Amino acid sequence: MTENLSKKMADFSSVAMNEQNPKYAQAASRVKEIYKTAYDCRSPFERDEHRLLHSTAYRRMKNKTQVFFATENDHICTRIEHVTHVASIAETIAKTLKLNSELVNAIAIGHDIGHAPFGHHGEFILNDIVKRLDICVRFWHEGNSLNFVDNIELLSDYKGRLQNLNLTYAVRDGIVCHCGEVNEKVVKPRDEFCDLTEIQYASHVMPFTYEGCVVKLSDTIAYLDRDIEDAMIYRILSNNQLKEIQQMIQRVFPQHNIEEISPKILSYYFINDLCSNSSVEDGLCLSDEAFNMLRQIKEYNTENICGHPRLQPFKKYATLVLETIFEKLDSYFCDDILSAMNSERRLYPTLTSYFRTWLIRYTDIDLERKARYKCDNKIIYDYKSHKMYRKAIIHFISAMTDKFAIKIFNEIISFH
C-alpha cells in the first residue's frame, strides 16, 4: 500500500465528459428540449443531479433496504445512505483523476432510484412474478431505474405542470449501466451511442462515459465495507467469521485488528489502489492484490451477511407481502377498474387511493382528472391490456418503501 501511495495519479482530463470531448454532444443530449430560464447557470449534468435530488423516488430511498430489512436502527445503512456513499467515493475518484465530478454525482444519486422494497430480495420477488405471468422478460433494478427517470418520476416545471425528468443521455446511461457486480479487473467505456431502452440485463454493456465507469466501480466499493460494518453493529458474525474478515484486512493493514480499525478503511484502500493503477491508455484498473481482495470480500459478504440465517424468515415475509399486494391489485382488472377499486375503498383506503392516482397519472383512464392533477407526462400503460395493467402494478410496487409495503399488506389482511 505504501508503494501505491507514492505513485503519481493519472490525468484523465483528456477523456473527461466536457465540451471538448467528441462524445459530449451525444452525452449531454436529451430526448426533448428541457425548459429553462435565462438565469440558470448550471451545467446539464448538474441540473440533472438537482432534478434527481428533488424527485420523490430519491426521498423514498431513505426507507428502502440495503441489506437489513425494514430496519429500526438509525445507524444501519439504507438505500439512500448507500447512494450517498457511492456519490462520495465516485466524486473522490473523479476529482483525483480529473474527470467530470458533476456527472458522477448525478449518476450516483440516481443509480438506485428504481430499486424495489426489501432490497435485492424484493427485486427477485418481482422478477419471479413478471416471469411467471409473462409480463415482461425480467425485472432488474438497473432497468427499472432507467424506467423511473424516463417515465415515472415527475417534477413541476416553472408553471407548476408535472413533467418527466428528461435527463441527459450520459446520466441515463450511467444509471442503467451501473451494475456494481464488477467481475472485470479493467473497466473502460464503450464507444457506441445506443438506444438505452434496448439494454436487456445488468452489465449488458459498459457505460458510455468514464464517469459512468467510475460510478460502476464505486457502487461495489461502497457496499463492501458498509455491509461488514452493519453486520458488526448487529453482532451477527461469529468469532470465526470475524477472524476471516480480519485476516483479509490485515493483508493491507498488518498492524491492526478489526476492533481497531473501521471497515470503512477498505474504501480508502480501494480508492487509492484504483487511482494509482489506472491510466487513459489502460482504463480504470485495480492491482492484482486489490482485485483479488475485492472478489474475496464480495464472496464473504454474500455468504456470511446477505445469506445469514437471521435474514431468511424476513425474506419469506417479504415474499408474502409483495405477492399479496400484487394479487390484490390484479383482482381489480375488469372493464371498469376504477369502479372495482372504488367498491372496496372503505376496506382498503390507502391501497385504492394510491393506485388509482398511479393509473390516472400514467394511463388515459381518466383524462379529466389527469388534467386537474396538472400532469403533462407521457402515457405509458394501456390499462385495457391485462399484461400492461400488470406491468403498472409491478412498477407501483417497486416504488414502495419497506414501511409502506408493510402498511399496505397490513391493510389488506386486517379487519376493521
Side-chain angles (χ1 to χ4, degrees), residues 61-73 75-86 89 111-112 114-128 138-142 144-145 178-183 201-203 216-249 258 262-264 266-267 270 291-323 398 400-403 405-406:
M61 285 193 287
K62 65 177 174 287
N63 285 316
K64 287 196 175 192
T65 290
Q66 177 61 17
V67 172
F68 296 96
F69 304 102
T71 179
E72 296 296 330
N73 187 322
H75 299 154
I76 295 297
C77 190
T78 61
R79 187 65 54 181
I80 200 168
E81 188 179 352
H82 165 71
V83 302
T84 305
H85 284 314
V86 173
I89 291 169
H111 81 276
D112 272 352
H115 225 297
F118 308 127
H120 287 287
H121 184 65
E123 184 177 1
F124 298 150
I125 296 166
L126 296 184
N127 188 47
D128 285 343
R138 64 178 56 83
F139 178 90
W140 49 300
H141 81 267
E142 295 92 344
N144 198 48
S145 291
H178 82 260
C179 178
E181 297 306 310
V182 176
N183 296 311
Y201 51 84
S203 291
K216 181 179 177 70
L217 287 163
S218 300
D219 189 27
T220 298
I221 294 171
Y223 79 74
L224 288 183
D225 57 11
R226 191 54 200 269
D227 289 0
I228 297 169
E229 186 172 6
D230 287 350
M232 291 175 66
I233 290 173
Y234 275 139
R235 298 183 179 181
I236 65 170
L237 299 176
S238 68
N239 289 334
N240 286 337
Q241 289 169 327
L242 287 171
K243 287 179 182 177
E244 185 179 350
I245 192 61
Q246 178 171 295
Q247 288 172 354
M248 293 182 196
I249 293 175
I258 200 165
S262 166
K264 287 192 289 294
L266 289 173
S267 291
F270 286 119
F291 182 65
N292 289 333
M293 188 172 183
L294 185 82
R295 289 192 305 174
Q296 289 172 6
I297 295 177
K298 281 173 60 179
E299 292 171 1
Y300 174 91
N301 284 11
T302 299
E303 179 180 350
N304 298 297
I305 301 175
C306 298
H308 196 280
R310 285 282 305 276
L311 297 178
Q312 301 314 307
F314 201 98
K315 287 182 178 180
K316 294 179 182 178
Y317 174 67
T319 302
L320 178 63
V321 168
L322 298 190
E323 289 186 346
S398 75
M400 293 180 177
T401 63
D402 296 16
K403 291 181 179 179
I406 292 170

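By convention here, the first residue in the shown sequence is residue 1. Just so it is clear, the model here is predicted, and its values are computed rather than measured.
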Looking only at non-hydrogen atoms, find the nearest pair between Ser145 and Gly114 and report the distance. OG-N, 2.9 Å

Pairing residues for His308 by the ring pair (Phe, Tyr, Trp, His ring centres under 6.0 Å) criterion, not counting sequence neighbours: none

Student check: side-chain heavy atoms of Gln247 and Gln296 closer than 4.5 Å: no

To the nearest 0.5 Å, what is the distance between CG on Asp225 and NE2 on His85? 7.5 Å

Expected output: side-chain His121 to main-chain Lys315 donor-acceptor under 3.5 Å: yes

Taking the side chain as C-beta and beyond, is there a heavy-atom pair between Leu237 and Ile305 under 4.5 Å? yes

Residues that His141 engages under ring pair (Phe, Tyr, Trp, His ring centres under 6.0 Å), provided they are two or more places apart: His115, His120, His178

Interatomic distance, CZ@Phe68 vs CG@Asn73, rounded to 0.5 Å, equals 10.0 Å

Between Asp402 and Phe118 (side chain of the first, backbone of the second, donor and acceptor by atom type, cut-off under 3.5 Å), is there such a pair? yes

Got Asp128 and Phe139 here, is their nearest side-chain heavy-atom distance under 4.5 Å? no

Return the set of residues passing ring pair (Phe, Tyr, Trp, His ring centres under 6.0 Å) with Phe270 (not counting sequence neighbours), or none when no residue passes. none

Can you find a pair of side-chain heavy atoms, one from Trp140 and one from Asn127, that are under 4.5 Å apart? no

Quick one: does Lys62's side chain get under 4.5 Å of Thr401's, heavy atoms only? no

Quick one: ring pair (Phe, Tyr, Trp, His ring centres under 6.0 Å) partners of Phe124, sequence neighbours excluded? none

Once you round to the nearest 0.5 Å, how far does CD1 of Ile233 lie from NE2 of His75? 8.0 Å

Return yes when atom CZ of Arg138 has more than 12 non-hydrogen atoms of other residues, nucleotides or ligands closer than 6.0 Å, and no otherwise. yes

Partner residues of Asp112 under the salt bridge (Lys or Arg N to Asp or Glu O under 4.0 Å) criterion, sequence neighbours left out: Arg79

Closest non-hydrogen contact found for Asn144 with Ser398 is ND2-OG, 3.0 Å

What's the separation between atom CG in Leu294 and atom CD in Glu299, rounded to the nearest 0.5 Å? 10.0 Å

4.5 Å side-chain heavy-atom contact, Cys77 and Glu229: no

For the residue pair Ala70 and Ile406, what are the closest heavy atoms and their distance? CB-CD1, 4.0 Å

Value rounded to 0.5 Å, distance of CD in Glu142 from NZ in Lys216: 8.0 Å

Side chain of Thr78, backbone of Asn63: donor and acceptor closer than 3.5 Å? no

Of all the heavy-atom pairs spanning Ile89 and Ser267, show the shortest one and how long it is. CD1-OG, 4.0 Å

At their closest point, which heavy atom of Leu311 faces which heavy atom of Cys306, and how far apart are they? CD1-O, 3.5 Å

Determine which pairs satisfy side-chain hydrogen bond (donor to acceptor under 3.5 Å, both in side chains) with at least one residue from residues 230-245, sequence neighbours left out, and list them in order. Thr71-Tyr234, Arg226-Asp230, Ser238-Gln241, Gln241-Asn304

Working note: His82 + His111, criterion side chain to side chain contact (heavy atoms under 4.5 Å, CB included); need CA distance, chi angles, decisive distance, verdict. CA-CA 10 Å; His82 165 71; His111 81 276; 3.5 Å; yes

Test Leu266 against every option in Ile228, Leu224, Ile221 by the side-chain contact (heavy atoms from CB on, under 4.5 Å) rule and name the one that passes. Ile228

Please find the pair of heavy atoms, one from Leu322 and one from Ala405, that lie closest to each other, and give the distance. CD2-CB, 4.2 Å

